[in-house]
Novice: 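Provided herewith is a single structure, encoded as structure tokens, for subsequent inquiry.
What's counted below: heavy atoms across the whole structure, side chains too, no hydrogens, waters or symmetry copies. So you know, we letter chains A, B, ... as the sequences are listed, proteins then strands, and number each from 1. As the structure is a computational prediction, the values presented were derived from the model and not from experiment.
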There are 2 protein chains.
Amino acid sequence: MSENKTTLTDAVHDLLRKAIIEQALKPGMRLPEDTVGEQFGVSRTIVRHALVRLEHEGLVVTRRNRGAFVAEPSRDEAQHVFEVRRCLENDVIRLLCQRMPGSGYDRLEAHVRQEEAVRGKDGPVSIRLAGEFHVLLAELTGNPVLTRYVSEVVLRCSLIMSLYARSHSSDCAVDEHSQIIAAIRTGDAQRAIEIMEHHLGAVAGRAELAAQPDSIQSILSHYGKELAQ
Amino acid sequence: MSENKTTLTDAVHDLLRKAIIEQALKPGMRLPEDTVGEQFGVSRTIVRHALVRLEHEGLVVTRRNRGAFVAEPSRDEAQHVFEVRRCLENDVIRLLCQRMPGSGYDRLEAHVRQEEAVRGKDGPVSIRLAGEFHVLLAELTGNPVLTRYVSEVVLRCSLIMSLYARSHSSDCAVDEHSQIIAAIRTGDAQRAIEIMEHHLGAVAGRAELAAQPDSIQSILSHYGKELAQ
DNA sequence: CGCAAGTAAATTGTATCCAATTGACTGATG
DNA sequence: CATCAGTCAATTGGATACAATTTACTTGCG
């Protein structure tokens, strides 16, 4: 745990992830190993390892002998990610209604105050804080496995929003975060889940996931794959 | 998808994973990169990438400059994995009660018949089939993201069982699988979840997770970390 | 002018090589 | 005798070099 001095691979991994969710690296953009490598002053080996991890996290896709690209999730994939996120966050709420740790509400309210401090500004800070609220909820369950999965889907949702949403404006989100805290405090899991569903529904709704036509391959996939040999 | 000819890294990855969950590689066992490499006739580079992936899946842990080891989850970690598994499988049931695909019940029943065919034999085949039933349930939701997470926790549970359970005997398990199918068929999610909880509870119970004293570090962690510098 | 084949450049897949860190052994010292 | 410093073997962290594959461009032909 504490004996792990961060390694170069970790550093590159974190930087790339940050760059992706902050939209510095846009979906579909190529990530050639040596380009990234000389940018950070490390060799391809490091970049490769980082890319392998990012692929596992769903932020990057690699095509054999073609290289790595920032993930460009189709609307179908996006819906799958959102669905899993709803499931996981509801599970988090159920657990927290059973066992919220002592310092839990203090930490949550401190976080909401942070969010309120940057209300209105639509910068990367606001986006990051909005995501971290949900990760914090997961952390309070005391279950690192659950926390990791929630982190992953939250990050992927950030990427999805950057692809499909017209605006990241999270004005109402902060209020809803407060409402979720309040509902958990009363121990009413069902009500908390309803608010969470509404909250995530609003987020997903902004992504217009069902409105516009899907990607070419998703459409053509209904016409059979016989030609693919 | 279909254009991905399997790469060497994939092959080694699969082999190692299989070896781990079949207990050929026992928890705590060292996995030196060059030893594994010459065993499979590939270089360290390949093994390294495979180990990175396995670490992400929670089947191996790597200690900085010390190398990789087959994961040896503490009882605490084991409980976390089981908890996430319960959450995810309940989510799967909720989704399936809403939208079971047409061929779903046929595939499930075919699988149960396979399990019944090897009933009694406690070999690796029986263990594998028991796990695959749960992965099949997840697949039927049509959500690949959810399927991947379920697969991961199911595999980790296999590893945990190999560590803590006295016997892998899954005689009753097959019957419970049938009961779960029946409950989903009636659309009664609540009842299906109860059976699933009981089913997983029985599995976890066999692991005696709460009975015996925990690991040393888990105990000592309550005595402060000042000495860790 | 369009299409197919062939070739070259670019990029990944894999192997090998050097450096840095760790753990164990040895020996000295209070 | 226990403890600590110093050295050495073993193994990983990281970089470079080579091979294989893909893509894009060019060229030739109908």
Novice: Is it true that the side chains of B:His134 and B:Glu89 contain a donor and an acceptor less than 3.5 Å apart?
Specialist: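 Yes - a donor-acceptor pair under 3.5 Å links their side chains.
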Novice: Listing time: all N or O pairs from protein to nucleotides 10-14 of chain C that are below 3.5 Å?
Specialist:
from: C:dT12; atom 1: OP1; to: A:Glu33; atom 2: N; distance (Å): 3.4
from: C:dT12; atom 1: OP2; to: A:Glu33; atom 2: N; distance (Å): 3.4
from: C:dG13; atom 1: OP2; to: A:Arg48; atom 2: NH1; distance (Å): 2.7
from: C:dG13; atom 1: OP2; to: A:Arg48; atom 2: NH2; distance (Å): 2.8
from: C:dG13; atom 1: N7; to: A:Arg44; atom 2: NH2; distance (Å): 3.1
from: C:dG13; atom 1: O6; to: A:Arg44; atom 2: NH1; distance (Å): 3.2
from: C:dT14; atom 1: OP1; to: B:Thr7; atom 2: OG1; distance (Å): 3.2
from: C:dT14; atom 1: OP1; to: B:Leu8; atom 2: N; distance (Å): 3.4
from: C:dT14; atom 1: OP2; to: B:Thr7; atom 2: OG1; distance (Å): 3.1

Novice: Go through the structure and list residues passing salt bridge (charged side-chain N to carboxylate O under 4.0 Å, His left out) with A:Glu109, not counting sequence neighbours.
Specialist: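 A:Glu109: salt bridge (charged side-chain N to carboxylate O under 4.0 Å, His left out) contacts with A:Arg185.
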Novice: Looking at residues at least two apart in the chain, or sitting in another chain, which of them share a side chain to side chain contact (heavy atoms under 4.5 Å, CB included) with A:Ala19?
Specialist: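 For A:Ala19, the residues satisfying side chain to side chain contact (heavy atoms under 4.5 Å, CB included) (neighbours in sequence not counted) are A:Ala24, A:Leu25.
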Novice: Can you tell me how far P of D:dG13 sits from NE2 of A:His13, to the nearest Å?
Specialist: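 It is 16 Å, rounded to the nearest whole Å.
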Novice: Do any pairs count as a salt bridge (charged side-chain N to carboxylate O under 4.0 Å, His left out) and have a residue in residues 36-54 of chain B, sequence neighbours left out, and if so which ones?
Specialist: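 Salt bridge (charged side-chain N to carboxylate O under 4.0 Å, His left out) check on residues 36-54 of chain B returns B:Asp10-B:Arg53, B:Glu33-B:Arg44, B:Glu33-B:Arg48.
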Novice: Which residue pairs pass the ring pair (Phe, Tyr, Trp, His ring centres under 6.0 Å) test when at least one of the two sits in residues 24-50 of chain A, sequence neighbours left out?
Specialist: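 Counting only pairs at least two positions apart or across chains, the ring pair (Phe, Tyr, Trp, His ring centres under 6.0 Å) contacts touching residues 24-50 of chain A are A:His49-B:His49.
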Novice: Considering only residues two or more places apart or on different chains, which pairs with a residue in residues 143-162 of chain A satisfy ring pair (Phe, Tyr, Trp, His ring centres under 6.0 Å)?
Specialist: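 Checked against ring pair (Phe, Tyr, Trp, His ring centres under 6.0 Å) - neighbours excluded - the pairs reaching residues 143-162 of chain A are A:Tyr149-B:Tyr149.
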Novice: Fill in the dot-bracket string of DNA chain C, one character per base: . for unpaired, | for a pair to another strand, ( ) or [ ] for pairs within the strand, taking Watson-Crick or G-U pairs under 3.5 Å.
Specialist: ||||||||||||||||||||||||||||||
Novice: Under the salt bridge (charged side-chain N to carboxylate O under 4.0 Å, His left out) rule, collect the residues that match up with B:Asp34, sequence neighbours excluded.
Specialist: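 Per chain and number, B:Asp34 pairs via salt bridge (charged side-chain N to carboxylate O under 4.0 Å, His left out) with no residue.
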Novice: Using the test salt bridge (charged side-chain N to carboxylate O under 4.0 Å, His left out), find all partners of B:Arg99 that sit at least two apart in sequence or belong to another chain.
Specialist: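 Only A:Glu83 meet the salt bridge (charged side-chain N to carboxylate O under 4.0 Å, His left out) criterion with B:Arg99.
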